[in-house]
*Asks:* 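Please find one structure pasted underneath; my questions will follow.
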Amino acid sequence: MPELPEVETIARGLRAVLPGRRIVGVRLGKTDFIDDPAEIERRLPGAKIRAVRRHGKYLLLDLESTNGNHHASSLLIHLGMTGRLTTSDPAEPVPAHTHVFFALDNGRELRYTDVRRFGRMGLLDEASHEKSLDSLGLDPLEISEDEFTALMKARRARIKALLLDQHVLRGIGNIYADESLWRARIHPMRLGARLSLEELRRLYRAVRDVLNDAIRLRGSSIADYVDSEGNLGGFQRRHRVYQRFGKKCFRCGAAIERTIVAGRTSHFCPRCQPAPRLRRKRH
DNA sequence: CTTACGGCCTGGGTGC
DNA sequence: TGCACCCAGGCCGTAA
């Protein structure tokens with residue numbers, strides 16, 4: 001489940017090998033996760049990759065077609081839950097569920113593998129910043145503490161839902177939401193507006209520390225995630241609550257609990273992260 | 001407008 | 001060996 005640290009790791013890996021390369025061939029398998037497969041087949045061959053960027057959980061390959069007038073566009077890729085984007089030698093065995101092959105001008109190949117095909121791929125025109133990208137919130141590693149606290153204070157939704165909402169902050173998923181809340185000692189069901197300034201500052205710090213630590217360890221490999229070279233991440237060994245139901249809290253020893261918040265399984269320590277007081281509903 | 005929730009997509013893992 | 005079921009993240013429709 002690639003979230004910000006995993007996508008950032010992949011982006012850095014690809015940034016080391018892709019810029020300046022030209023795509024010389026495209027081969028597609030199943031295409032139901034691609035916006036317009038015919039357009040990809042038509043426009044990518046001959047395009048030069050100028051840059052690799054991350055936007056929340058999205059990857060962007062900035063392209064330049066040199067058919068006369070400079071035509072700039074970007075290939076937008078979301079890895080969903082199980083997407084992998086790797087470079088390899090074309091002679092290497094092809095993993096199951098590999099559906100996109102981009103042949104590169106240096107003889108290597110960029111492959112997209114996705115067991116579930118919950119990912120997404122599409123071509124973005126320079127100007128047509130599409131809704132899915134423009135409506136995203138700020139990057140949690142770029143936002144200031146004041147911006148962060150103001151954002152959360154203004155909302156009555158549960159803090160876990162706010163952290164997961166890509167229109168509030170972009171890039172945080174279930175793993176890093178749970179890990180951040182544990183570090184900040186805040187229960188996932190607390191309401192944003194009811195958190196104290198002190199708690200929000202702690203959470204701001206926790207989110208950034210968790211994400212930066214995870215990037216340093218090249219992401220969390222739970223089921224499918226590997227980086228652009230096929231290597232596993234290391235942050236799963238640092239998880240303090242995620243998928244640790246029933247195990248001892250690293251801070252206080254209490255058994256980690258599990259509940260559903262915002263439709264997602266959420267792990268927390270019942271002692272370190274006290275539940276919000278139940279408020280009587282008005283009729 | 002904000003929030004909560006259920007359903008949908010797919011297929012590997014689990015449990016019987 | 002089979003098979004029903006659960007679950008993951010993002011998104012969308014609906015209801016309050």
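Naming: A, B, ... by sequence-line order, numbering from 1 per chain. Heavy atoms only: backbone and side chains are in, while hydrogens, waters and symmetry mates are out.
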*Asks:* For Phe118(A) and dG10(C), are the ring centres under 5.5 Å apart with planes inclined under 30°?
*Replies:*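 So Phe118(A) does not count as stacking on the base.
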*Asks:* Out of dG12(B), dA4(B), dG9(C), which has the shortest distance to the side chain of Arg116(A)?
*Replies:* dG12(B)
*Asks:* Give the rounded distance in Å between these two atoms: CD1 of Ile260(A) and C1' of dG9(C).
*Replies:* 13 Å
*Asks:* Rounded to the nearest Å, what distance is computed from the CG atom of residue Asp114(A) to the P atom of nucleotide dG10(C)?
*Replies:*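 Distance, rounded to whole Å: 13 Å.
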*Asks:* How many Å lie between NE2 on His97(A) and C1' on dT10(B), as a whole number?
*Replies:* 10 Å
*Asks:* Ion pair present between Asp227(A) and Arg84(A), side-chain N to carboxylate O less than 4.0 angstrom?
*Replies:* no
*Asks:* Base, sugar-phosphate, or nothing: which does Arg117(A) touch, judged by heavy atoms less than 4.0 Å apart?
*Replies:* sugar-phosphate
*Asks:* Let me know the distance between CG of Asp35(A) and P of dC11(C), rounded to the nearest Å.
*Replies:*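 Those two atoms, CG and P, are 12 Å apart.
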*Asks:* In whole angstrom, give the distance that lies between atom CD1 of Ile172(A) and atom P of dG9(C).
*Replies:*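 Taking CD1 of Ile172(A) and P of dG9(C), I get 14 Å after rounding.
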*Asks:* From the set dG12(B), dC11(C), dG9(C), return the single nucleotide nearest to any side-chain atom of Val115(A).
*Replies:* dG12(B)
*Asks:* Is the shortest distance from a Lys or Arg side-chain nitrogen in Arg238(A) or Asp213(A) to a carboxylate oxygen in the other one below 4.0 Å?
*Replies:* no
*Asks:* Which of parallel (below 30°), tilted (30 to 60°) and perpendicular (above 60°) describes Tyr242(A) and His267(A)?
*Replies:* perpendicular
*Asks:* Could you state the atom-to-atom distance from CZ of Arg120(A) to P of dG10(C) in whole Å?
*Replies:*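 That distance rounds to 13 Å.
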*Asks:* What's the CE-P distance between Met121(A) and dG10(C), to the nearest Å?
*Replies:*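 After rounding, the reported distance stands at 17 Å.
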*Asks:* When you measure from the side-chain N and O atoms of Lys57(A) to the phosphate of dG10(C), is any distance below 4.0 Å, counting only OP1 and OP2?
*Replies:*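 So the side chain of Lys57(A) is within the cut-off, an N or O lying under 4.0 Å from OP1 or OP2 of dG10(C).
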*Asks:* Under 6.0 Å between ring centres: does that hold for Phe268(A) and His187(A)?
*Replies:*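 Yes.
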*Asks:* Using a 4.0 Å heavy-atom cut-off, does Arg264(A) contact any base of the nucleic acid, only the sugar-phosphate backbone, or nothing at all?
*Replies:*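 Base contact.
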*Asks:* Nearest-Å distance, CG (Leu191(A)) to C1' (dT3(B))?
*Replies:* 11 Å
*Asks:* Under 4.0 Å, heavy atoms only, any strand: does Thr265(A) hit a base, just the sugar-phosphate, or nothing?
*Replies:*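 Thr265(A): backbone/sugar contact only, no base atoms under 4.0 Å.
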*Asks:* Would you verify whether the NZ or CZ of Arg258(A) falls within 45 degrees of the ring axis of Phe245(A) while also being under 6.0 Å from that six-membered ring's centre?
*Replies:*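 Output yes; distance and angle both within limits.
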*Asks:* Which nucleotide, dA8(C), dG11(B), dA4(B), lies nearest any side-chain atom of Met81(A)?
*Replies:* dA8(C)
*Asks:* Do any side-chain nitrogens or oxygens of His167(A) fall under 4.0 Å of OP1 or OP2 in dG10(C)?
*Replies:* no
*Asks:* Checking contacts here: which listed nucleotide (dA8(C), dT2(B), dG10(C)) is nearest the side-chain heavy atoms of Arg155(A)?
*Replies:* dT2(B)
